[in-house]
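For reference, the structure discussed in these notes is given below.
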Amino acid sequence: MKSIKQGLYQTQQQKLSPQQIQFVKLLQLPVTELEDRIKQELDDNMVLEIAENDTETDAENVETVDTFAPSITSPTEDTEEQENYEEEIAEENENNEISLDEIMTYDEVESYKTAQDDEDRDEIPIPQYQTLIEDLQQQVSLLPLTETQKQIAEIIIGSLEDDGYLKIPLESIQDDLDFKKGIKVSIEEIEEVLEKIRYLDPVGIASRNLQECLTTQLKAKRNSKNAEDIDLCLKILTDLFDEFTKKHYDKIIKKLHISEEKLKHLIKIITSLNPKPGDTTTAATIRTDYIIPDFTVTAIDGNLQVTLNSKNAPELRISREYQEILKEYESNPKPTQAMKDTIALIKSKIESAKWFIDAIKQRQNTLLVTMNCIAELQKEYFLTGDESKLKPMVLKDVADRIGMDISTVSRVANSKYVETDFGIFPLKHFFSEGIATESGEEVSNKEVKHVLKELIDNEDKHNPISDDELSQLLQSRGYQIARRTVAKYREQLGIPVARLRKMI
């Protein structure tokens, strides 16, 4: 039997305090989510409130690049100032009194008012939108189907993917009908119902692959006037689908015995079809996203002015009324148990409010310091709007300059936007790797991507430029870039390979 050895071991662990955790969470929030977070804190903490004189706050949050300061305010530096401020508040409000009963019934009164308001509120009609599934079910109900066929249709429609395709095997539908509904059907019966569903609106829905989806739509378009063209398109998609997807147009022309102009016309018909019939835009799926910038960078007489969005910097303070109550109860020589409970509650809420105010202040300072640094490093771009003026810059460059951790800079850069004289951009837009030139200088990869896109846009579409040739062309312009890097940048720009860019 082995003996258990006991001993003392000394280890070091780094843990974040509650204040630091709160600051980190606030730092990574964009301005819209920060506003919601502050509202939540105001609702949860009765002693926290927004100060009325917000105009002074806006003026204090304007910094310029010329006065760039890499230091960051600690949450504890403003403690003395806060205490003096609270004393002034107490002196100004000696006549404002709230009874103990009001404090203890605070939550009850608020909840009663909320409930009463909900009862008195007039009902507002909510618009109803029909989903694609509901629309298909309604169309199926109008088809002349047997009860068994309707059950099959229900399983098929319920199994569709978001893009409208049916990706589960028919055997699975057969098993579902057997186990869930006790209906035994053959694969042929399922295919018969599936064929009917594919011709519902949108045509091609419930197809099992792209080929089936496009051919279904072509068959639905066929009439006496376009029969010849549709038949040729169907032949391309059934017999020459591999050649079509790989853009081997010369092989298609040869096998179908058609001219190049005729093939162009057929391709136009095929490309007009909907490859994802389930992605129909309805009122139920329309969503508008609004970007609210966290910063504004303005060029004034050759200098840059960085302004923090006022919603990023609300003036918060401790409630004067609750400080008066706390002062009154603490001065009572014989406090009741209810008073002691109230004192403990208010002290807890005040401490929590101080932490939150300090975290907001530290967040403001961190955002301004980081944005000022970015503006200084990319000053030429902010003055001209010329993307070729963007310098290579990574998170470490900013972190080293302002004396912060890379993770802090990353949290600032993520999901934050800045409004410039040339548009609104995410902060990530200004970070890029460097590419060496023949002269030994480094340029931003954004400049290289811009040149790469320009070369591809101006290429001969009948004979697109390969990645090897693009690499050589970029090198001839002084950019030392390998073929692999060209391929990576091309993919980031959403540009397909040369074979797929070929046109006839």
Side-chain angles (χ1 to χ4, degrees), residues 128-222 230-248 252 267 269-287 491 494 496-497 500:
Q128 298 293 320
Y129 301 108
Q130 194 171 39
T131 65
L132 176 62
I133 299 298
E134 292 170 341
D135 185 38
L136 290 171
Q137 289 171 341
Q138 185 175 357
Q139 292 181 64
V140 165
S141 67
L142 301 176
L143 295 176
L145 301 177
T146 65
E147 282 303 316
T148 299
Q149 287 177 324
K150 288 179 180 179
Q151 296 285 355
I152 295 171
E154 182 183 337
I155 295 292
I156 291 173
I157 292 173
S159 303
L160 297 180
E161 299 288 331
D162 291 340
D163 55 7
Y165 283 87
L166 181 68
K167 296 182 180 179
I168 64 170
L170 298 187
E171 289 77 12
S172 296
I173 295 176
Q174 190 180 37
D175 292 340
D176 283 347
L177 287 164
D178 189 5
F179 294 137
K180 294 181 180 179
K181 299 184 180 293
I183 302 174
K184 292 187 180 295
V185 295
S186 65
I187 296 297
E188 289 73 20
E189 289 177 286
I190 297 174
E191 286 181 338
E192 183 183 349
V193 177
L194 184 59
E195 179 74 9
K196 295 178 184 294
I197 292 175
R198 283 208 303 270
Y199 285 94
L200 296 177
D201 185 27
V203 179
I205 198 74
S207 297
R208 286 164 286 186
N209 53 56
L210 176 63
Q211 196 174 9
E212 189 175 71
C213 177
L214 298 180
T215 54
T216 301
Q217 293 178 55
L218 283 171
K219 290 175 183 177
K221 284 177 175 284
R222 194 178 189 279
I230 295 296
D231 288 342
L232 285 171
C233 289
L234 287 169
K235 194 170 184 62
I236 290 173
L237 293 179
T238 52
D239 300 339
L240 304 170
F241 191 68
D242 188 56
E243 288 86 346
F244 175 71
T245 55
K246 293 180 178 178
K247 294 197 174 183
H248 292 162
I252 296 175
I267 290 174
I269 294 174
I270 294 173
T271 53
S272 68
L273 304 174
N274 183 8
K276 293 183 180 181
D279 286 349
T280 53
T281 303
T282 63
T285 57
I286 293 176
R287 178 183 170 186
E491 289 172 1
V497 296
L500 298 179

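One-based numbering along the sequence shown.
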How far apart are the closest heavy atoms of [X] and [Y], and which atoms are they?
X: Ile270; Y: Ile236; answer: CD1-CG2, 4.2 Å
X: Leu194; Y: Ala206; answer: CD1-O, 3.4 Å
X: Gly204; Y: Pro277; answer: O-CG, 3.6 Å
X: Pro275; Y: Leu214; answer: CA-CD2, 4.5 Å
X: Leu145; Y: Lys150; answer: O-CE, 3.7 Å
X: Leu210; Y: Phe241; answer: CD2-CZ, 4.3 Å

Do [X] and [Y] come within less than 4.5 Å of each other through their side chains, counting heavy atoms only?
X: Thr215; Y: Ser207; result: no
X: Gln217; Y: Cys213; result: yes
X: Leu218; Y: Ile269; result: yes
X: Leu166; Y: Ile168; result: yes
X: Ile133; Y: Gln137; result: yes

Tell me whether Asp242 at atom CG has more than 12 heavy atoms from other residues, nucleotides or ligands lying less than 6.0 Å away.
yes

So, taking the atom named [atom1] in [X] and the one named [atom2] in [Y], what distance separates them when rounded to the nearest 0.5 Å?
X: Ile152; Y: Leu170; atom1: CD1; atom2: CG; result: 10.5 Å
X: Ile190; Y: Thr148; atom1: CD1; atom2: OG1; result: 11.5 Å
X: Ile205; Y: Asp163; atom1: CD1; atom2: CG; result: 8.5 Å
X: Leu132; Y: Asp201; atom1: CG; atom2: CG; result: 9.0 Å
X: Ser272; Y: Ile267; atom1: OG; atom2: CD1; result: 12.0 Å

Would you check, one step at a time, whether the test salt bridge (charged side-chain N to carboxylate O under 4.0 Å, His left out) holds for Asp162 with Lys276?
CA-CA 9 Å; Asp162 291 340; Lys276 293 183 180 181; over 6 Å; no

Name every donor-acceptor pair, under 3.5 Å, that has one atom in a side chain of residues 171-183 and the other anywhere in the protein, sequence neighbours excluded.
from: Gln174; atom 1: NE2; to: Val185; atom 2: O; distance (Å): 2.7
from: Asp178; atom 1: OD1; to: Lys184; atom 2: NZ; distance (Å): 3.3
from: Asp178; atom 1: OD2; to: Lys184; atom 2: NZ; distance (Å): 3.0
from: Lys181; atom 1: NZ; to: Gln151; atom 2: OE1; distance (Å): 3.2

